[in-house]
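Values below: all heavy atoms of this structure, side chains included; hydrogens, waters and symmetry mates excluded. Lettering of chains follows the sequences in order, A, B, ..., and the numbering in each one begins at 1.
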Amino acid sequence: MNELYSFHDIEERWQAEWERQAVFQCHERVDRPKFYCLEMFPYPSGKLHMGHVRNYAIGDAIARFKLMNGYSVMHPMGWDAFGLPAENAAIERNVHPATWTMANIDAMRKQFKRLGYAFDWSREVATCHPEYYRWCQWLFLKMLEKGIACRKRTEVNWCGTCRTVLANEQVESGNVCWRCGQTVENREMDGWFLKITDYAEELLNDHALLEGHWPERVLTMQKNWIGRSEGAYVDFPLVGKDGKIRVFTTRPDTLYGATFMVLAPENPLVMTLADSEERCAMLRAFAEKSRQTDVIERTATGIPKEGCFTGTYAVNPLTGEDIPIWVSDFVLWGYGTGAIMSVPAHDQRDFEFARKYALPIRIVIAPEGCDLDSESMESAFEAVGKMINSGPFTGMSSDAGIGAITRYIEEKGIGCRAVTYRLRDWGISRQRYWGTPIPIVHCERCGMVPVPEDQLPVRLPDNIDFDWSLGGNPLSRVESFVSTRCPICGGPARRETDTMDTFIDSSWYYSRYCDPRNTREIVDPDKNNYWIPVDQYIGGIEHAVMHLLYARFIHKVMRDLGYGRSPEPFARLLTQGMVCLEVMRCPRDGYLYPEDVIDNGDGSYTCRICNGPVIAGRSEKMSKSKRNTRDPNDYIDRFGADTIRMFSLFAAPPQKDLDWSDSGVEGVFRFLKRIWRFVFDHRGLLEGLASGPIAAEDFGNDHAGAEVIHRKTHQTIKRVTEDFDGRYHFNTSISACMEIVNLLYSTPIPEEGAADYQPIRCAVREAVYALLHMLNPFAPHMMEELWHELGGTSLLAQGPWVTWDDAIAAEQSIEMPVQINGKIRVRLTVSADATPEELETRVRQDETVARWVEGKTIRQVIVVPQRLINVVIK
RNA sequence: GCGGGAGUGGCGGAAUUGGCAGACGCGCUAGGUUGAGGGCCUAGUGAAGGCAACUUCAUGGGGGUUCAAAUCCCCCCUUCCGCACCA
């Protein structure tokens, strides 16, 4: 055995060995329970960052633990390989997106392998591969058949920088592109949509299956996004015109108080309502102004809302009164029916609008025990109360009134019960090249024709001209692609040139891993049913409502197509925190790279560029623009994969943000070296440790030093094992292992032949045996190496895991704190199985206790077994 | 505005069916080893007071429940995240 811990050699050796023995290749074994461990697959940007290292280190620890515990573990890896960066690289550097992507995949795969993650590489997929995307196209055709996919012309979010349409989920803070951060604009365009709204109810209800297994806030975010609300549609007939306006309300009980109506400016009805040419022009101008108003400004609270009267009236169907129809941009065209009934007395927005334009306010709900006055009231009364001025419903509670009025309008045929959602259909058309072509042909004679299944995949052409200045989708300029024959009539036709949102690719990849080379089917249903659901899914919180909602939707679609039984794709979800580092900023030169910062050693820093003082900012997510990134490669070079992996698990629990720290990394490196050195220094004593278990009788139980190690070992196995089964707080698992190592260092190892040599030898051998197993999920290379050095012929990776004995883990005697009136005054060493009565007697006899009690009387002695004793005196 | 998370030494973080606050690591201090430095080893390290045994204070702030509160309840502050006229 080498005295030096030469991590590079060790890591290469074991990576090769795992690969040679195909240790991480999995199969559908019926003799073992299965465990599907999955981390969100990466976009092949070409370089791993610390966030990746952490994400995959978490999953790898779990996967390895499960494998050691006898599970049939699937832990696959692949590439979310379609997307804009590849196409942008093509434009900037004149490299084909496929070439660029493939080179990136190769580079990242190498990095992954250097980190020694336990992936089953035989299942690798890349979404840009025709054998993958043909099944995206197939899925699209199935959804078209079932009416889930459709084409329509609507207002869409257009990102000018990315030159494509975005789905609503991909627009952040109301108007910002999730990818590039630029403001999006509204455009009316044709596009393909998936009716995720058909599944809204199920997506919402099935949250119940995930509760307790998914982070609460992800469920809350999805719930808010789906935004279910219950109420009724009510029709208001127009005065002097045919037709009616349908509104959605959650408060049918306030219908008698509806004194005007408001339509969204985009509502096409608006133009038909104008009572004069002049009014028509005004409304058109108003709509145009709304369109140009920033979405944030238009919808922000606190800003008074502009309105415009149409000149037309509708009839309140319950009061029979004529009420004016207005237009205002606080009513959204995308929600409900794009029209509302306004009840200013009981809705704050309506109230403010009514005050501004002097519209009538009628009170129809009275709060318990007091009266409202429409003249003097300063805000709407939105709570429940007693119905007044409401015809036959007067006197009813407003709660009961909701049901009663709904039934009434249903009987009269002027409305019906209804549920609406905030969730909109998923717009999947993208006007860019590097994505899955939508398998549709536009024929002059036959219209839109789906490409027959046996003609899939519709391949992306290679001969692309990426000249950005030409604008539009480069795909539409490839005549050989666009021009085709109609599958029905054989006549000339043109291919659809929109490609699919890449979120479709990532909505079912976890199923494809179950059967990645199937050329006949998207996945074999039996294989899918064996592995799915993913038992543990791990990724960033940023996908809470994008990927994670889309994937749940597509999963349910696939289930309905007969490709699986499980209602949900991901049984448990862990959202890992970000990797952060403090930013260095110079007032003159902006964010600084580490090499441009001089550490003065006294907590202050100097800018190397201008010699001015540098402001050490707070810790923020590592990002290129803030220049606070660190390259995993540098750390692998200096400390090895085991160190960087273990640090990213040790520095914080997985769910929390992690502060990167170079000295923290060195601390972990030091710990690993300490293990190495201990084994090296005691290689004689530890020799052959791996070849056979330690018999209980070898210990003897008369030596205190051995017993302490023995007990600590079993306690630690228990702690670490339970951390894996519960919260995944690996930071505490690792620190527990550090405690054992510290204990081993502080135990004097006797000379061979000394009386206590045998029991100590056994205890130390057992401790090291356990350590190698427990640390294997975190630092697998070093542990395999030491295992091998100590006579192991099997692989630690294949287990079995270590077990503990509660009887050994139990303390014989414990130091029990004794409190007097809640303050610790003395500690007594007592036998662990002492009865409360014995303990109380001990305490009453104790000198120190007596000193504190002197002159007072003991009122009560509280004995908490195994914990403490509290003496209450007065 | 609504909803959710967080707030513990110089730093990252332990400890929550209420029961020894600060495990473990970083940093710092001292000693040892070394020609020096680094590395490694040992000890110390929440604050204040005291020669000391020890005492007092301390988990964002203020109240409360309890023999006992970082943990439970009420009010407030700070911060991060999500949603934001959704009818």
(message) Work out how far the P atom of B:rG25 is from that of B:rG32, and round it to whole angstrom.
(response) 24 Å

(message) Please compare A:Lys656 and A:Gly338 by the position of their nearest nucleotide in RNA chain B and report the one closer to 5'.
(response) A:Lys656

(message) Looking only at the side chain of A:Arg674 (C-beta and beyond, no hydrogens), which of the listed nucleotides B:rG82, B:rC86, B:rU42 gets closest?
(response) B:rU42

(message) What's the closest nucleotide to the side chain of A:Asn731 if the choices are B:rC86, B:rA87, B:rG13?
(response) B:rG13

(request) Between B:rA14, B:rC26, B:rC24, spot the one nearest the side chain of A:Ser663, thanks. (result) B:rC26

(message) Ring-plane angle category for A:Phe353 and A:Trp326, please: parallel below 30°, perpendicular beyond 60°, tilted otherwise.
(response) perpendicular

(request) Check the distance between B:rC20's C1' and A:Gln866's CD and give it to me in whole angstrom. (result) 14 Å

(message) Please tell me if A:Arg424 has a side-chain N or O lying less than 4.0 Å from either OP1 or OP2 of B:rC86.
(response) no

(message) Is the phosphate of B:rU56 approached by A:Arg825 (side-chain N or O, under 4.0 Å from OP1 or OP2)?
(response) yes

(request) State whether A:Lys823 places a side-chain N or O below 4.0 Å from either non-bridging phosphate oxygen (OP1 or OP2) of B:rC54. (result) no

(request) Using the P atoms only, state how far B:rG60 lies from B:rU8, rounded to an integer number of Å. (result) 6 Å

(request) Would you check, one step at a time, whether the test side chain to side chain donor-acceptor pair (under 3.5 Å) holds for A:Tyr335 with A:Thr420? (result) CA-CA 8 Å; A:Tyr335 184 80; A:Thr420 60; 3.1 Å; yes

(request) Answer yes or no: side-chain N or O of A:Asn870 and base N or O of B:rC67 forming a donor-acceptor pair under 3.5 Å. (result) yes

(message) Quick check: do A:Val818 and A:Thr848 have side-chain heavy atoms less than 4.5 Å from each other?
(response) no

(message) Let's test this: given Watson-Crick or G-U wobble pairing with both distances under 3.5 Å, identify the partner of B:rU17.
(response) none

(message) Rounded to whole Å, please give me the gap between CG in A:Asp662 and C1' in B:rG25.
(response) 15 Å

(message) Below the 4.0 Å mark, does B:rA87 have OP1 or OP2 next to a side-chain nitrogen or oxygen of A:Ser229?
(response) yes

(message) What is the separation between atom CZ on A:Phe669 and atom C1' on B:rG25, rounded to the nearest whole Å?
(response) 16 Å

(request) Take the protein atom CG of A:Leu672 and the nucleotide atom P of B:rG25, then report the distance between them rounded to whole Å. (result) 13 Å

(request) Counting heavy atoms from C-beta on, name the nucleotide in B:rG25, B:rA14, B:rC20 closest to the side chain of A:Leu868. (result) B:rC20

(message) Can you tell whether the side chains of A:Glu542 and A:Lys621 come within less than 4.0 Å, N to carboxylate O?
(response) no

(request) Answer yes if the side chains of A:Asn742 and A:Arg674 hold a donor-acceptor pair under 3.5 Å, and no otherwise. (result) yes

(request) Measure the distance from CD1 on A:Ile820 to P on B:rC20 and round it to the nearest whole Å. (result) 16 Å

(request) Return the value, rounded to whole Å, for the distance between atom OH of A:Tyr335 and atom P of B:rC83. (result) 17 Å

(request) Establish, with yes or no, whether the OP1 or OP2 oxygen of B:rC86 is under 4.0 angstrom from a side-chain nitrogen or oxygen of A:Arg349. (result) yes

(request) Looking only at side-chain atoms of A:Gln860, point me to the closest of B:rU42, B:rC40, B:rC67. (result) B:rC67

(request) Could you work out which one of B:rG4, B:rU55, B:rU42 sits closest to the side chain of A:Trp852? (result) B:rU55

(message) Whole angstroms only, please: what is the CD-P distance between A:Glu847 and B:rC54?
(response) 14 Å

(request) Return the nearest nucleotide to the side chain of A:Ile824; candidates are B:rA87, B:rA15, B:rC20. (result) B:rC20

(request) Could you work out the separation of B:rA69 and B:rG18 based on their P atoms and round it to a whole Å? (result) 13 Å

(request) Using whole Å, report how far CZ of A:Phe778 lies from C1' of B:rC24. (result) 14 Å

(message) Is the ring pair A:His682/A:Phe678 parallel, tilted or perpendicular, if the boundaries are 30 and 60 degrees?
(response) tilted

(message) Does B:rA84 have its OP1 or OP2 closer than 4.0 Å to a side-chain nitrogen or oxygen of A:Arg422?
(response) yes

(message) On the nucleotide B:rG38, are OP1 or OP2 found under 4.0 Å from the side-chain N or O atoms that A:Arg670 carries?
(response) no

(request) Using the closest heavy atom to pick a nucleotide of RNA chain B for each, name whichever of A:Ile869 or A:Ala652 lands nearer the 5' end. (result) A:Ala652

